Amino acid sequence: MPEPVTFPPAFLWGAATSAYQIEGAVREDGRTPSIWDTFSHTPGKTAGGEHGDIAVDHYHRYRDDVALMAELGLTAYRFSVSWPRVQPTGRGPAVQRGLDFYRRLVDELLAHGIKPAVTLYHWDLPQDLEDAGGWPERDTALRFAEYAQIVGEALGDRVEQWITLNEPWCSAFLGYGSGVHAPGRTDQVASLRAAHHLNLAHGLGTSALRAAMPARNTVAVSLNSSVIRTVSDDPADVAAARRIDDLANGVFHGPMLNGVYPETLFEATSSVTDWSYVLDGDLQLINQPLDALGLNYYTPSLVSASESAPSGPRADGHGNSSYSPWPGADDVMFHQTPGDRTEMGWTIDPTGLHELIMRYASLAPGLPLYVTENGAAYDDKPDPEGRVHDPERIAYLHGHLSAVRRAIADGADVRGYYLWSLMDNFEWAYGYGKRFGAVYVDYSTLARTPKSSALWYGQAARSGELPPVTTE
């Protein structure tokens with residue numbers, strides 16, 4: 001019999017969602033369009049032209065959803081606030097009806113003993129701010145700080161765990177570089193400008209939150225830092241991996257954790273931009289002390305220099321755009337990693353999560369870590385009795401949670417895990433075709449059915465120990 005995999009008593013067992021993917025109600029109570037409303041309603045941008053107008057109607061069903069979380073045994077819930085629901089033009093006073101939804105949601109969570117964790121930005125920039133230039137413009141970072149103060153003042157008395165940005169890499173490089181995410185722009189200079197101003201927004205937002213909230217509250221950021229591996233130890237492949245590591249990871253953790261951009265990043269992108277938009281004092285503003293760091297992980301990346309790449313279509317590791325999200329590294333080749341894959345085509349490799357956690361335990365010693373997203377999409381379907389069995393997801397969760405526990409044993413201060421996602425939802429450009437949820441959603445009726453993985457995860461949350469992997 002294998003040794004049981006047990007977790008510390010205070011470990012948080014959570015699930016995560018984002019506003020545009022689940023809320024719906026896009027025109028109610030003063031909400032105006034975000035860049036994802038615009039993008040998803042643009043022909044050809046999402047699978048089947050699908051959008052989040054209704055999504056899974058969490059805006060009207062949140063009480064039932066919270067009750068379901070409590071029934072499953074979750075101890076934490078990470079959700080994002082819709083910026084245009086709170087501040088429709090991205091500037092000026094808040095719409096109280098929008099804030100009231102989040103007040104009610106937080107109260108409902110607390111009444112059920114579930115710890116709320118608020119993410120301020122999960123990709124839904126108000127369209128008005130994009131019309132004024134979006135993240136490539138410095139003013140957007142200033143507007144974000146005002147928005148952070150508004151939400152911090154409204155919810156800071158009841159919410160202790162705060163996250164400024166979710167996956168700024170996607171916002172900058174998929175939104176403004178490859179164009180496969182909203183707003184769908186394909187400008188490498190704009191993508192690097194956006195990265196810097198997202199960093200600045202994080203720093204200014206962190207300061208704004210701390211000024212608006214009780215000192216007991218914590219502020220973090222969620223990074224989808226990549227685990228970069230090389231095809232070989234050839235110096236050219238190692239150099240290629242360094243360029244991708246700078247663009248995927250160092251461009252954010254460098255300024256946020258250490259107040260510096262990697263010099264190798266400047267060198268690799270010198271033909272793209274002169275970085276003149278990094279003004280004196282910016283790095284000090286960005287480098288605010290953090291109370292925790294969120295890590296999102298799905299799959300590792302395997303890269304090589306172009307000379308050792310196989311012939312055939314070039315892969316960029318993210319989406320199908322012919323435009324690269326890797327400024328200054330267009331010639332780096334991405335390869336399929338070996339192993340079983342999810343419905344996203346992503347290789348299942350829990351060792352990458354352990355590697356990621358240990359890297360940040362070393363880069364930021366003493367900083368508490370959370371896995372703020374981890375999960376898998378599978379082609380889940382109800383059986384004739386209406387039950388949804390997903391043994392593949394159970395095996396995925398067991399493997400990745402075991403990797404988290406190994407990291408804790410190796411000295412990493414990991415304090416919680418947020419399963420992506422609580423329920424099936426709008427999966428961005430993939431529409432509704434990819435199901436990441438532990439809870440199945442029938443999109444014709446919006447009925448929720450916990451999958452077998454949800455019951456398995458709930459058992460782990462209640463006991464603090466991973467149940468056996470079953471094929472039932």
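Nothing fancy with the numbering, it's 1 onward along the sequence. These numbers come from a predicted model, not from an experiment.
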### Task
Before giving the answer on side-chain hydrogen bond (donor to acceptor under 3.5 Å, both in side chains), spell out for N166 and N296 the whole-Å C-alpha distance, their side-chain angles and the decisive distance to 0.1 Å.
CA-CA 9 Å; N166 179 77; N296 296 358; 3.1 Å; yes
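- At least one donor-acceptor pair under 3.5 Å links the side chain of S452 to the backbone N or O of D390.
- Looking at D37, its side chain does come within 3.5 Å of a backbone N or O of S34 through a donor-acceptor pair.
- Within a 6.0 Å radius of CD1 in I54, other residues, nucleotides and ligands contribute 12 heavy atoms or fewer.
- Side-chain atoms of R210 and Q288 form no donor-acceptor pair, as typed in the model, at a separation below 3.5 Å.
- Under a 3.5 Å cut-off, the side chain of R185 and the backbone N or O of G175 do not form any donor-acceptor pair.
- When ring centroids are compared, W326 and W169 come within the 6.0 Å threshold.
- The CG atom of N374 sits 10.0 Å away from the CG atom of L356 when rounded to the nearest 0.5 Å.
- Ionic pairing of E267 and R242 is not present here: no N-O contact between side-chain nitrogen and carboxylate oxygen is shorter than 4.0 angstrom.
- Checked against the 6.0 Å centroid threshold, W135 and Y176 do not count as a close aromatic pair.
- Judged by distance alone, with hydrogens and angles left aside, the side-chain atoms of T230 form a donor-acceptor pair with the main-chain N or O of S232 at under 3.5 Å.
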### From CA spacing to verdict: salt bridge (charged side-chain N to carboxylate O under 4.0 Å, His left out), D128, R143
CA-CA 11 Å; D128 280 37; R143 302 285 74 77; over 6 Å; no
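- Of the possible polar contacts, none joining the R415 side chain to the L12 backbone as a donor-acceptor pair under 3.5 Å is found.
- The shortest heavy-atom contact between K45 and G184 is NZ-O, 4.5 Å.
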### Message
Apply side-chain hydrogen bond (donor to acceptor under 3.5 Å, both in side chains) to residues S80 and W123 and explain how you reach the verdict.
### Response
CA-CA 10 Å; S80 78; W123 308 352; over 6 Å; no
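- The closest side-chain heavy-atom distance from S402 to P350 is not below 4.5 Å.
- Checked by atom type and distance alone, the side chain of T164 never pairs as donor or acceptor with a backbone atom of V221 at under 3.5 Å.
- Taking the centre of each ring, W13 and F7 come in below the 6.0 Å mark.
- Ring-plane geometry between Y147 and W83 is classed as parallel, the angle between the planes falling under 30 degrees on a 0 to 90 degree scale with a further cut at 60.
- Applying the salt bridge (Lys or Arg N to Asp or Glu O under 4.0 Å) rule to pairs touching residues 10-23 yields E23-R85, sequence neighbours excluded.
- Between H51 and W36, the ring centre distance reaches or exceeds 6.0 Å.
- Here the options are R435, Q21, K434, the test is side-chain hydrogen bond (donor to acceptor under 3.5 Å, both in side chains), and the partner is D424; only R435 passes.
- Classification of R406 and D410 as a salt-bridged pair fails, no side-chain N sitting under 4.0 Å from a carboxylate O.
- Note on ring orientation: taking the six-membered ring where Trp is involved, the planes of Y20 and F426 are perpendicular (angle over 60°, cut-offs 30° and 60°).
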### Query
When you look at D139 and R91, which way does the salt bridge (charged side-chain N to carboxylate O under 4.0 Å, His left out) test go after all the steps?
CA-CA 11 Å; D139 185 64; R91 61 186 75 237; 3.6 Å; yes
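- Between H181 and W428, the ring planes lie tilted relative to each other; the angle falls in the 30° to 60° range.
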### Task
Kindly indicate, with the supporting measurements, whether the criterion side-chain hydrogen bond (donor to acceptor under 3.5 Å, both in side chains) is fulfilled by D187 and Y323.
CA-CA 9 Å; D187 179 340; Y323 295 94; over 6 Å; no
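- Salt bridge present: D282 and R138 bring a charged side-chain N and a carboxylate O closer than 4.0 Å.
- Listed here is the closest heavy atom pair of S171 and Y121: OG-CE2, 3.7 Å.
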### Message
side chain to side chain contact (heavy atoms under 4.5 Å, CB included), that's the test. Do V118 and F79 meet it? Break it down for me.
### Response
CA-CA 5 Å; V118 168; F79 63 93; 3.5 Å; yes
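- For Y360 and H253, the gap between ring centers is short of 6.0 Å.
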### Task
Just do the side-chain hydrogen bond (donor to acceptor under 3.5 Å, both in side chains) check on Y277 and H197 with the steps written out, would you?
CA-CA 9 Å; Y277 39 86; H197 295 135; over 6 Å; no
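- The stretch residues 347-373 participates, sequence neighbours left out, in these salt bridge (Lys or Arg N to Asp or Glu O under 4.0 Å) pairs: R78-E373, R229-D349, R229-E355, D245-R359.
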